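This report refers to the structure that appears directly beneath it.
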Amino acid sequence: MASATASIPSHTIVSRDRKATQIGAVRHVNLVSSISQSTSARRLTVGPLHAVEPGKRAEAVVAPTAVSNGAVIQVEKRVEEVAAGPVDYEKLAAQLENASPLEIMDKALKMFGNDIAIAFSGAEDVALIEYAKLTGRPFRVFSLDTGRLNPETYQFFDQVEKCYNIHIEYMFPDAGEVQALVRQKGLFSFYEDGHQECCRIRKVRPLRRALSGLRAWITGQRKDQSPGTRAHIPIVQVDPSFEGISGGAGSLIKWNPVANVDGKDIWNFLRTMDVPVNSLHSQGYVSIGCEPCTRPVLPGQHEREGRWWWEDAKAKECGLHKGNISQEEKAGVNGNGSASTVNGTPDIFETKNIVNLSRVGIENLLRLEQRAESWIVVLYAPWCQFCQGMEASYVELAEKLSGSGVKVAKFRADEDDQRQFATEELQLGTFPTILLFPKRASRPIKYPSEKRDVDSLLAFINALR
């Protein structure tokens, strides 16, 4: 996709002094001018603003002087909704497939007014807030405070509130649930039995409460964030996992304005618009979550590899966006790091310079005590986003080593029988695992680092050739 700033018309860039609507506040509306507008515009200025707690409502966003006319406007609003009929969101997503994030954001805010909110994690999804500001429309922002965030993230929340003159609506986990979990399993149980239980208490359930007061929400999901689990994110969809204020299936709409935007284009946009960013980004963090479960990524690593690094690639979702994971992928995750094969996934490392080893081939290589050449082999799974993330560097490595006396190969080790063999005989822990079979040594040597750039891999090979 072209740079995210390419389609922003100059007339939409408003002054940072324009004040965004504050959550729970009252916005004064010129009733005379709003009545003269179309009924769709009236929908935006008078819709009720829902509070965080389920089942409760905040004051309607109407000036006190307009209360006497509120009934008329509300009736007209309902008439318009009935006349408009249901929206075909699959068709709308197709229509918006090539739209810019700004156009998509404007469409979302126009359609849902005060019944939609931006989910803000404290990372590069601050771009969503900037896009919302550029539309000139009022908007709401909420965030999940898990109680385990980095100090830098809390400081960033404060910075964003001041920059955009908004109040972020924070959602907190249930204190009793957190207390029970910690007393029973300790503060760091997720290192031992997977992160799903902790995320369910600290993130998923608070999110469910927040969404129960909305008709729609806006996320910063991108397809390139996690090729294994987010590759098919639509621009807009009926949320398959959560319910909105009216309850029941289909009661909540999910917008993903930057689904088709590359991470580098998001950062070009942030720099161009001089948007404040979390200081953790300058320390090597790309994907930012809770402090115990987030670390900087190294050269050659995928951005999601900094999250829950002790688990396999396909467990790298906390449950907030589980509806965007295909059924095959859901079946391969148990929250403990185990994954099954996903049939039909395109293979990777496809180049003439990389040898595709069969089970017999790698067994023969393993048995040889005197090899004619050294071999470097990656044990991989094609659905693994970290394997996908190192594909370019591994292909480049193969090109550099062509004719050098070092063979570059791959062995797919994600099927049940292959995985057991690779675990027992080839030191497989998580994907990808890289092994060097030296020319005059019987046993392979496991690459110890998580740096998977070409220079790091070459240094490893040259040190042991």
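Note that the numbering runs from 1 along the sequence shown for the chain. The structure presented is a predicted model; accordingly, all values stated were derived computationally and were not measured.
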With a 4.0 Å cut-off on N to O distance, would you call Asp414 and Arg412 a salt bridge?
yes

Is it the case that over 12 heavy atoms from other parts of the model lie below 6.0 angstrom from the CD atom of Gln283?
yes

Answer with yes or no whether the side chains of Thr153 and Asn150 bring together a donor and an acceptor at under 3.5 Å.
no

Could you go through Glu197 and Arg202, starting from their C-alpha distance and side-chain angles, then the distance that decides it, and tell me whether this counts as salt bridge (Lys or Arg N to Asp or Glu O under 4.0 Å)?
CA-CA 9 Å; Glu197 182 179 21; Arg202 294 181 182 272; over 6 Å; no

Any side chain to side chain donor-acceptor pair (under 3.5 Å) involving residues 402-411? Give me the pairs, sequence neighbours left out, ordered by first then second residue.
Asp347-Lys410, Glu350-Lys410

For the side chain of Tyr394 and the backbone of Ala409, is there at least one donor-acceptor N/O pair under 3.5 Å apart?
yes

For Asn356, the side chain to side chain donor-acceptor pair (under 3.5 Å) test, sequence neighbours excluded, returns none

Side chains of Glu424 and Gln420: any donor to acceptor distance under 3.5 Å?
yes

How far apart are the C-alpha atoms of Lys185 and Glu192, what are their side-chain angles, what is the distance that settles it, and do they pass the salt bridge (Lys or Arg N to Asp or Glu O under 4.0 Å) test?
CA-CA 10 Å; Lys185 294 188 173 183; Glu192 299 175 4; over 6 Å; no

Going by ring pair (Phe, Tyr, Trp, His ring centres under 6.0 Å), name the residues that satisfy it together with Trp375, two or more places apart in sequence or in a different chain.
none

Quick check: closest heavy atoms across Leu214 and Ala117, and the distance to 0.1 Å?
CD1-CB, 4.0 Å

Ignoring hydrogens and angles, state whether a donor on the side chain of Thr219 or Asn256 is under 3.5 Å from an acceptor on the partner side chain.
yes

For the backbone of Ile253 and the side chain of Gln237, can you confirm whether one donor and one acceptor N or O come within less than 3.5 Å of each other?
no

I'd like to know if the side chain of Tyr191 and the backbone of Pro292 have a donor-acceptor N/O pair within less than 3.5 Å.
yes

Applying ring pair (Phe, Tyr, Trp, His ring centres under 6.0 Å), name anything that partners Tyr447, two or more places apart in sequence or on another chain.
Phe460

Can you name the nearest heavy-atom pair linking Gln159 to Val277, along with the distance?
OE1-O, 4.3 Å

Over all heavy atoms of both residues, which pair between Thr294 and Gly289 is shortest? Give the atoms and the distance, please.
OG1-N, 3.0 Å

Can a salt bridge be assigned to the pair Asp262 and Lys264 using a cut-off of 4.0 Å between side-chain N and carboxylate O?
yes

In sequence, state the C-alpha distance, the side-chain angles, and the governing distance for Lys254 and Val236, and then conclude on side-chain contact (heavy atoms from CB on, under 4.5 Å).
CA-CA 6 Å; Lys254 184 176 184 180; Val236 59; over 6 Å; no

Would you find a donor on one side and an acceptor on the other, under 3.5 Å apart, between the side chain of Ser456 and the backbone of Arg452?
no

Please confirm whether Phe349 and Tyr380 have ring centers closer than 6.0 angstrom.
yes

Test: salt bridge (charged side-chain N to carboxylate O under 4.0 Å, His left out). Region: residues 371-396. Which pairs qualify, not counting sequence neighbours?
none

According to side chain to side chain contact (heavy atoms under 4.5 Å, CB included), who are the partners of Asn364, at least two apart in sequence or on a separate chain?
Val360, Arg367

Can you check whether Phe157 and Tyr170 have ring centres sitting under 6.0 Å from each other?
yes

Rounded to the nearest 0.5 Å, what separates atom OG in Ser143 from atom CG in Leu149?
7.0 Å

Test side-chain contact (heavy atoms from CB on, under 4.5 Å) applied to Val395 and Ile354, step by step:
CA-CA 7 Å; Val395 169; Ile354 297 178; 4.2 Å; yes

Suppose we screen for ring pair (Phe, Tyr, Trp, His ring centres under 6.0 Å). Which residues come up paired with Phe156, at least two apart in sequence or across chains?
Phe120

Rounded to the nearest 0.5 Å, the CG atom of Leu102 sits from the OG1 atom of Thr135 at a distance of 7.0 Å

Is the side chain of Glu425 donor-acceptor paired with the backbone N or O of Ala422 at a distance under 3.5 Å, no angle test?
no

Taking all atoms of both residues into account, what is the closest heavy-atom pair of Pro444 and Phe437, and its distance?
CB-CE2, 3.6 Å

Quick one: list whatever passes side chain to side chain donor-acceptor pair (under 3.5 Å) with Ser251, sequence neighbours left out.
none

Does any donor atom in the side chain of Asn278 or Glu152 lie under 3.5 Å from an acceptor atom in the other side chain?
no

Counterpart residues, salt bridge (charged side-chain N to carboxylate O under 4.0 Å, His left out), relative to Asp106 (two or more places apart):
Arg137

So how far is it from Arg419 CZ to Leu426 CG, rounded to the nearest 0.5 Å?
13.0 Å

With sequence neighbours left out, what residues match Glu177 under side chain to side chain donor-acceptor pair (under 3.5 Å)?
Arg205

Could you label the plane-to-plane angle of the Trp255 and Phe112 rings as parallel, tilted or perpendicular, counting under 30° as parallel and over 60° as perpendicular?
perpendicular

Excluding sequence neighbours, so at least two apart, what forms side chain to side chain donor-acceptor pair (under 3.5 Å) with Ser121?
Asp125

With the threshold set at 4.0 Å, does a side-chain nitrogen-carboxylate oxygen contact exist between Glu130 and Lys133?
yes

Between Phe386 and Pro432, what is the shortest heavy-atom contact and its length?
CB-CD, 4.0 Å

Ignoring hydrogens and geometry, is there a side-chain-to-backbone donor-acceptor pair from Arg295 to Gly284 under 3.5 Å?
no

Return the minimal non-hydrogen interatomic distance between Glu124 and Val286, and the atom names on each side.
OE1-O, 3.7 Å

Among pairs that include at least one residue of residues 351-361, which meet salt bridge (charged side-chain N to carboxylate O under 4.0 Å, His left out), considering only residues two or more places apart or in two chains?
Arg359-Glu363

